[in-house]
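Everything numeric in this text was worked out from a predicted model, so none of it was measured.
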Amino acid sequence: MADLSIDFCGIRSPNPFWLASAPPTDKAYNVVRAFEAGWGGVVWKTLGEDPPAVNVSSRYSAHYGKNREVIGFNNIELITDRSLEINLREITAVKKAWPDRAMIVSLMLPCEEAPWAAILPLVEATGADGIELNFGCPHGMPERGMGAAVGQVPEYVQMVTSWCKKHTRLPVIVKLTPNITDVRAPARAALAGGADAVSLINTINSITHLDLDRMVAYPVVGGASTHGGYCGSALKPIALNMVAEIARDPATRGLPISGIGGIGNWRDAAEFIALGAGCVQVCTAAMLHGFRIVDEMKDGLSRWMDTQGYANIAAFSRKAVPNTTDWKYLDMNYQVIADIDQDKCIKCGKCFVACEDTSHQAIAQLVAENGARRYEVIRSECVGCNLCEITCPVEACITMVPQPAVNPYMNWTQDPRNPRAENPAPSCALPAAAVATGTATATDGSIALAELPA
């Protein structure tokens, strides 16, 4: 049986599944229910100065798929609307009752050292295991010079992080905003300020949909609305990329990462861990399905680890990072071609329509005299784009088959078709005719005159 326990920047937890700072971690009642359900830790909903924030009524909206499946979730709720004293008292009681669970306290304060110096000893006195600096909230709080307004300025990130390291002995986790051009900049700043870890991503600025009768976006507050923070499964691809960017950045390589964004099952968690996360935080999935989803997460992850021979989380953490690179280093000579399993094909024609209308016209529709249809790949036209495989409604009906290597590895920096090639490879995948006549294949696939490398 795989060991799910972790040590994340000195914070121990029985499993890597934590609840993110959000409504599910707003009070002792919720957190106790979460621990009873089996969550390994929580990040308590963000605390601030008194008087507490005041929230509006009508706070959430959603982006729906078919059958009202929630693909994305939007919220305009602010940080805690309960007093600092009540929150600190409850944190103390819960941590005392559940000493084996990770208790992280999220904080958001003005960009002045004095408020941070004042609150940190109070948080430390609760027995909490660490603090998370909320530099990511994209709505309401940035208008007050906090949240994403700090996270978008690396100099502020470094400054506030250094204050916290000065005034507390607890591990400091910096929560990063995705509403930025390059997430590596604030991550480097957090590390420069002494951060013990980073967590990402926070929510993305969004408007999910409109009421076209009233001409106002959701959630509607009176007759108006505003942008909110987008979360849920739709965020996962964005979050995975940002986690990977930090994990493979030489400047932050080795910095512990708490992965957040669209995690709803054990497989999502495993992917984040493989790309660099030491633990994961969940919010939207718990809000939609309840705290008991952690049972499937723990069981599924443990079973998968057993099948792969991973004894613990560290055994596969960051294992996918070396295989994640810049586009220019991908193998230009690698080739896959689609293959349709005729026994599984239901003759719906979705692959044909997608390829014929929007791609490379590499699938033939063959119609027999009796009207029966058959779809076959035109191998000479297939570029291996994966579109047919993606549109096919039958799992494993269309597979992308790697072709035997004709030429050795060659990336774009070596490709003679690249006018700025750094080190052109003499033995690239040029057509035989091109080699014989002194021509090279142009980027559009045609034969163009070019000077071959010596």
Side-chain angles (χ1 to χ4, degrees), residues 2-21 25 38-44 100-106 128-136 161 165 170-176 178 183-184 186-188 190-191 194-202 236 239-283 294 297-298 300-302 304-305 308 310-324:
D3 178 10
L4 297 184
S5 66
I6 61 168
D7 184 326
F8 182 75
C9 68
I11 302 169
R12 296 185 180 277
S13 172
N15 63 67
F17 298 103
W18 297 0
L19 284 172
S21 171
T25 62
W39 291 88
V42 302
V43 182
W44 200 277
D100 67 324
R101 307 304 169 92
M103 175 68 76
I104 315 301
V105 177
S106 176
D129 300 294
I131 61 170
E132 183 180 80
L133 312 185
N134 186 343
F135 294 159
T161 302
K165 290 299 294 182
L170 295 176
V172 176
I173 304 169
V174 176
K175 190 171 188 178
L176 304 178
V183 75
R184 294 174 300 179
R188 292 168 184 167
L191 182 59
D196 297 281
V198 292
S199 58
L200 68 151
I201 61 174
N202 209 313
K236 179 186 163 187
L240 281 173
N241 173 63
M242 290 189 172
V243 165
E245 287 291 282
I246 293 172
R248 68 189 189 92
D249 181 6
T252 53
R253 188 177 296 143
L255 178 65
I257 299 170
S258 180
I260 313 170
I263 299 166
N265 55 56
W266 71 264
R267 183 177 294 274
D268 295 335
E271 291 175 4
F272 272 86
I273 293 168
L275 275 176
C279 68
V280 295
Q281 296 184 33
V282 180
C283 173
V294 76
M297 290 179 170
K298 291 189 297 181
L301 183 60
S302 178
W304 173 78
M305 289 171 62
Q308 300 299 311
Y310 297 132
N312 49 49
I313 297 295
F316 73 96
S317 179
R318 299 178 179 258
K319 200 160 187 178
V321 175
N323 299 324
T324 308

Tell me, do [X] and [Y] make a side-chain contact under 4.5 Å, heavy atoms counted?
X	Y	result
L4	M297	no
V280	D268	no
K175	I260	yes
T252	I257	no

Nearest heavy-atom neighbours spanning [X] and [Y]:
X	Y	answer
V321	A247	CG2-CB, 3.9 Å
A187	I246	CB-CD1, 3.7 Å
N15	G40	OD1-N, 3.2 Å
F316	A270	CE1-O, 3.6 Å
A128	V105	CB-CG2, 3.7 Å
A244	T324	CB-CG2, 4.3 Å

Roughly how far, to the nearest 0.5 Å, is [atom2] of [Y] from [atom1] of [X]?
X	Y	atom1	atom2	answer
I313	I273	CD1	CD1	4.5 Å
N134	N202	CG	CG	5.5 Å
L240	I201	CG	CD1	9.0 Å
S199	F8	OG	CZ	7.5 Å
N323	L275	CG	CG	9.5 Å
C9	L170	SG	CG	10.5 Å

Counting distance only, does the side-chain N/O of [X] pair as donor-acceptor with the main-chain N or O of [Y] below 3.5 Å?
X	Y	result
R253	R248	yes
D129	M103	yes
T25	V43	yes
T161	A195	no
R101	V42	no
N312	D3	no
D196	V172	yes

For L133, run the side chain to side chain contact (heavy atoms under 4.5 Å, CB included) check against I173, V198, V174 and tell me which one passes.
V174
For the residue pair Y310 and W304, is the inter-centroid distance of their aromatic rings smaller than 6.0 Å?
yes
Would you say the side chains of W18 and S258 form a donor-acceptor pair under 3.5 Å?
no
Are E132 and S21 close enough that a side-chain donor and a side-chain acceptor fall under 3.5 Å?
no
